[in-house]
Number of protein chains: 2
Amino acid sequence: MPRTKAVAEDGRRRHPAAGGYARGDDTRARIVAAALDVFGQYGFGEASTRMLAEKAGVTLPALQYYFDNKEGLYLACAEHITQRMEMRLKALMDETAAALMQRELPRARLTDMLLDFLDRLADIFLGERELEKWTLFIIREQAQPTRAFDLIFDRVMHPVVRACAALVGRLLERPASDREVKLRTLMLIGRIVIFRPARETALRVLGWPDFAGDRLALVKKSLHAQVAAEFSVSRHAKQRGRT
Amino acid sequence: MPRTKAVAEDGRRRHPAAGGYARGDDTRARIVAAALDVFGQYGFGEASTRMLAEKAGVTLPALQYYFDNKEGLYLACAEHITQRMEMRLKALMDETAAALMQRELPRARLTDMLLDFLDRLADIFLGERELEKWTLFIIREQAQPTRAFDLIFDRVMHPVVRACAALVGRLLERPASDREVKLRTLMLIGRIVIFRPARETALRVLGWPDFAGDRLALVKKSLHAQVAAEFSVSRHAKQRGRT
DNA sequence: AACAATATCTATCGTTTGATAGACATTCGA
DNA sequence: TCGAATGTCTATCAAACGATAGATATTGTT
């Protein structure tokens with residue numbers, strides 16, 4: 001790759017934007033991984049640059065060398081989370097969109113697709129330990145949105161809601177942009193996602209150590225029963241309205 | 001009241017545990033109110049003692065005089081939140097318990113009670129602006145529980161879940177301690193509570209400025225339809241199973 | 001091998017932090 | 001009115017913070 005200067009115009013030494021040596025790439029990745037842990041566990045304000053550097057196994061100036069400042073590292077973490085989530089969700093989004101190209105789908109098929117969508121969402125949001133460390137991060141952004149939130153919303157949250165709303169819209173026989181469809185969709189996804197911010201409450205109520213394996217399967221099963229009931233009666237109610 | 005010393009045994013000057021003059025009570029209350037705002041907006045780590053003192057209109061040593069340290073103020077806030085929530089929820093808990101003293105209640109009555117329960121919960125959790133500032137607080141405690149969380153869980157979260165589970169248990173014809181009842185209950189309450197941690201996502205999806213007035217009514221209406229459907233089919237499914 | 005570019009390090013900085021000492025002000029009961 | 005108890009203030013502290021300067025080490029290309 002073409003060589004660039006590691007010295008910025010203002011004379012400060014920085015990791016070249018075009019990329020550097022392999023060693024630098026490795027160090028940068030280690031810092032982000034460490035930062036996700038520390039920010040996730042302590043939040044932005046209580047995570048000190050010394051904690052971050054120690055966890056990453058680098059010296060303090062390395063944080064400035066690669067990220068300009070603490071805030072820059074935080075945004076790099078948001079970018080990382082966004083990319084990781086996009087990777088996981090891509091197949092789900094693509095398959096859902098492809099399947100919905102077909103105008104008329106049997107109701108049972110749509111319900112199956114919705115249940116499968118929710119199962120895979122549960123696997124991603126609850127089944128992966130990596131998300132434990134992202135919860136405080138994401139929720140801090142919900143409470144006081146920064147530039148980091150725009151990334152997460154535009155590339156993760158909104159696409160997930162839109163894809164699910166497409167399914168829900170079909171089942172309710174309304175456009176995905178319908179307000180009731182949006183509300184139903186948010187509350188559908190909310191039944192999975194709630195175990196992240198309310199994790200400790202839920203674990204204590206259920207007497208569970210975590211949401212792994214069989215316990216996650218129980219969550220899915222319960223949600224399946226609710227969804228099957230919810231969209232079964234919705235159709236009956238809608239048809240009674242037409243008569 | 002019997003007079004006590006404002007000087008602790010270690011010689012440090014502190015607000016007497018038994019209470020002090022009216023002026024001191026007023027100042028303490030102002031500090032807690034200010035701290036709820038600041039902690040709620042910035043979180044524990046990013047809220048400095050200088051910000052807290054300024055917002056309360058006191059000098060720095062006042063924080064130590066009344067709360068020993070920053071952490072002590074934080075715990076005082078947790079106590080305050082817990083008491084405020086208990087106040088709001090007391091009538092709801094009492095009425096629900098009293099109504100369930102009656103062994104056999106018509107199903108329609110139980111459903112109405114559940115819907116009313118959820119409506120009032122929505123009024124408390126989403127309708128009161130005061131809770132906006134408590135969200136970051138409560139969620140930080142979910143992510144990394146401290147002594148503050150024990151207070152909130154034991155006196156607020158758990159009682160709410162138990163009361164709601166009692167209703168859900170009746171409707172599902174299972175004991176409130178049943179795991180499926182607990183899961184259903186958590187996901188029921190979750191559909192309301194999710195709009196707190198996922199507030200910004202939900203507002204952007206819905207194109208709403210907030211969850212006030214008519215918009216809160218829309219949330220309730222949507223939830224009503226879901227719940228009516230969910231518990232209507234549950235009964236049918238259960239009766240078919242018996243046959 | 002040489003040298004430019006990148007990467008890491010030590011030492012240090014100015015600022016901010018949470019907290020304290022002791023002086024001074026106000027309140028309240030006798 | 002007086003004095004004890006409570007409450008507030010200024011000044012200051014030690015420690016920690018986020019960040020920088022410039023020296024030194026390593027990498028990679030010619």
Side-chain angles (χ1 to χ4, degrees), chain A residues 1-31 34-35 38-39 42-76, chain B residues 1-31 34-35 38-39 42-76:
Chain A
M1 65 179 68
R3 277 176 165 208
T4 57
K5 293 291 184 57
V7 179
E9 283 187 6
D10 57 6
R12 295 182 299 166
R13 194 169 298 284
R14 290 287 184 260
H15 184 63
Y21 297 163
R23 183 180 182 186
D25 293 345
D26 179 66
T27 303
R28 187 185 190 286
R30 266 199 352 270
I31 294 174
V38 180
F39 282 138
Y42 296 101
F44 182 82
E46 287 173 76
S48 69
T49 47
R50 282 157 177 80
M51 289 165 68
L52 293 161
E54 184 178 0
K55 183 86 175 184
V58 300
T59 55
L60 277 171
L63 304 189
Q64 279 68 41
Y65 179 73
Y66 288 101
F67 304 100
D68 284 340
N69 50 40
K70 187 183 178 186
E71 178 78 10
L73 173 52
Y74 185 78
L75 287 174
Chain B
M1 66 179 68
R3 276 176 163 209
T4 56
K5 295 288 185 60
V7 180
E9 285 185 6
D10 58 5
R12 295 183 298 165
R13 191 171 299 284
R14 291 286 185 261
H15 184 62
Y21 298 160
R23 184 180 180 186
D25 293 346
D26 179 66
T27 303
R28 187 187 191 284
R30 265 197 355 268
I31 294 175
V38 180
F39 282 139
Y42 297 100
F44 182 82
E46 287 174 75
S48 70
T49 47
R50 282 159 178 78
M51 291 165 67
L52 292 160
E54 184 179 358
K55 183 85 177 185
V58 299
T59 54
L60 276 172
L63 304 190
Q64 280 67 41
Y65 179 74
Y66 288 101
F67 305 101
D68 284 340
N69 50 40
K70 187 182 178 186
E71 177 78 11
L73 175 52
Y74 185 77
L75 287 173

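So you know, we letter chains A, B, ... as the sequences are listed, proteins then strands, and number each from 1.
- Note: CZ (R28(B)) to P (dG7(D)) measures 11 Å, nearest angstrom.
- Closest contact between the side chain of N69(B) and the listed nucleotides dA19(C), dA7(C), dG18(D) involves dA19(C).
- Atom-to-atom, CG of D25(B) to C1' of dT8(D) comes out at 16 Å; the value is rounded to the nearest Å.
- Each of dT27(D), dT10(D), dG7(D) was ranked by its minimum atom distance to the side chain of R23(A); first place goes to dT27(D).
- The phosphate of dT10(C) (OP1 or OP2) has no side-chain N or O of T59(A) nearer than 4.0 angstrom.
- When the ring-ring contact (aromatic ring centres under 6.0 Å, His included) test is applied to Y66(A), the partners found at least two apart in sequence or on another chain are H15(A).
- Counting only heavy atoms from C-beta on, Y21(A) has its side chain closest to dA4(C) among dA4(C), dT27(C), dA19(D).
- Comparing dT8(D), dG18(D), dA7(C) by their nearest atom to the side chain of P16(A) picks out dA7(C).
- The interatomic distance linking K70(A) (NZ) with dT16(C) (C1') rounds to 12 Å, in whole Å.
- F39(A) approaches A47(A) most closely through the heavy-atom pair CD2-CB, 3.8 Å.
- The side chain of Y65(B) contributes no N or O atom lying less than 4.0 Å from OP1 or OP2 of dA19(C).
- Panel note: side chain R30(A), backbone K55(A); no donor-acceptor pair is recorded below 3.5 Å.
- DNA chain C is contacted by both L60(B) and A22(B); L60(B) maps to the nucleotide lying nearer its 5′ end (nearest heavy atom per residue).
- Rounded to the nearest 0.5 angstrom, L75(A) CG and K70(A) NZ are separated by 12.5 Å.
- Regarding contacts with the backbone of dA19(D), a side-chain N or O of Q64(A) is found under 4.0 angstrom from either OP1 or OP2.
- Closest non-hydrogen pair, A35(B) versus L52(B), comes out as CA-CD2, 3.7 Å.
- Taking all atoms of both residues into account, the shortest heavy-atom contact from Y65(B) to R13(B) is CD1-O, 3.5 Å.
- Distances shown here put every side-chain N or O of R30(A) at or beyond 4.0 Å from the OP1 or OP2 atom of dA7(C).
- Among the nucleotides dC9(C), dT8(D), dA23(D), the one closest to the side chain of R13(B) is dT8(D).
- Going from atom CD of E71(B) over to atom P of dT17(C) covers 18 Å, rounded to whole Å.
- Among dT10(D), dA19(D), dC9(C), the nucleotide with an atom closest to any side-chain atom of P61(A) is dC9(C).
- At whole-Å resolution of the value, OH in Y66(A) and C1' in dG18(D) are 19 Å apart.
- Heavy-atom minimum distance, G72(B) versus N69(B): N-OD1, 2.7 Å.
- A 6.0 Å sphere centred on CZ of F67(A) holds more than 12 heavy atoms belonging to other residues, nucleotides or ligands.
- Rounded to an integer number of Å, the gap from I31(B) CD1 to dC9(D) P is 10 Å.
- Counting any heavy atom pair closer than 4.0 Å across all strands shown, F67(A) reaches no nucleic acid atom.
- Between the NE2 atom of H15(A) and the C1' atom of dT26(D) there is a distance of 15 Å, rounded to whole Å.
- For DNA chain D, the residues of residues 42-52 of chain A within the heavy-atom distance limit of 4.0 Å (strictly under) are A47(A), S48(A), T49(A), R50(A), sorted by number.
- In this structure, the CD atom of E54(A) is 11 Å from the P atom of dC17(D), given to the nearest Å.
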